[in-house]
Amino acid sequence: KNEVEQSPQNLTAQEGEFITINCSYSVGISALHWLQQHPGGGIVSLFMLSSGKKKHGRLIATINIQEKHSSLHITASHPRDSAVYICAASLSYNTDKLIFGTGTRLQVFP
Amino acid sequence: EAQVTQNPRYLITVTGKKLTVTCSQNMNHEYMSWYRQDPGLGLRQIYYSMNVEVTDKGDVPEGYKVSRKEKRNFPLILESPSPNQTSLYFCASSLLGGGETQYFGPGTRLLVL
């Protein structure tokens, strides 16, 4: 069993739909990252969370430390949101040790 | 512009021919890492560095070497590449490690024949 699990693996949606991607982890963490990888391959950091909730535009990330679970929500989805979304667990603040989920491939159709 | 650069972006080589992939960041970050990404396996950490001359193994270090002689540079060396090292490689940096925002390079696609 992977230490960081994402679901679903693949997700298709119609433009405008509300989308949720889930990430569960089995290790103690100092922070949880959400990354976006576009079809061209580049990876961009969306959020870094250690507690609570963060919002940036139409994207919202939440984390429940007790349940070891994080979610990424996209409101009013758009075709340009089509990408692979990856969560990564940081095991400690003062190392660079990250464990990655295998990603969720999202396709949003017009 | 704050960025992480990698070179080359694409590389085709043959088994056993030593190669180096360069990584440089202009943000004065302490931490730098190398990852490989393979279908179905996701991103896996190869090596990371917490400062100049301080490096440590990640999850898949076999067949790779790194060095951190300057803060801005963190080259990845494949002394004797093999076909199972065909992959997409990413360099990343952060100010103070895993609890900070990660900045990724554009990736290097390597094919070892």
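Convention: sequence-line order gives letters A, B, ...; per-chain numbering from 1.
At a 4.5 Å heavy-atom cutoff, the contact between A/I86 and chain B is made by side-chain atoms alone. Residue A/Q9: no heavy atom, backbone or side chain, is found under 4.5 Å from chain B. Neither the backbone nor the side chain of B/E30 comes within contact range of chain A; no heavy atoms are under 4.5 Å apart. Both the backbone and the side chain of B/L43 come within contact range of chain A, with heavy atoms under 4.5 Å apart. Heavy atoms of B/D56 lying under 4.5 Å from chain A are absent altogether. Heavy atoms of A/L46 lying under 4.5 Å from chain B are absent altogether.
For B/Y35 and A/F100, the ring centers are positioned less than 6.0 Å apart. Outside the 6.0 Å centre-distance limit, the rings of A/H33 and A/F47 are not counted as a close aromatic pair.
Using modelled atom types, one finds a donor on one side chain and an acceptor on the other under 3.5 Å when comparing B/Y64 with B/Y89.
With salt bridges taken as basic N to acidic carboxylate O contacts below 4.0 Å, one links B/K65 and B/E79.
Pairs passing the salt bridge (charged side-chain N to carboxylate O under 4.0 Å, His left out) check and including a residue from residues 71-83 of chain A, sequence neighbours excluded, read A/R58-A/D81.
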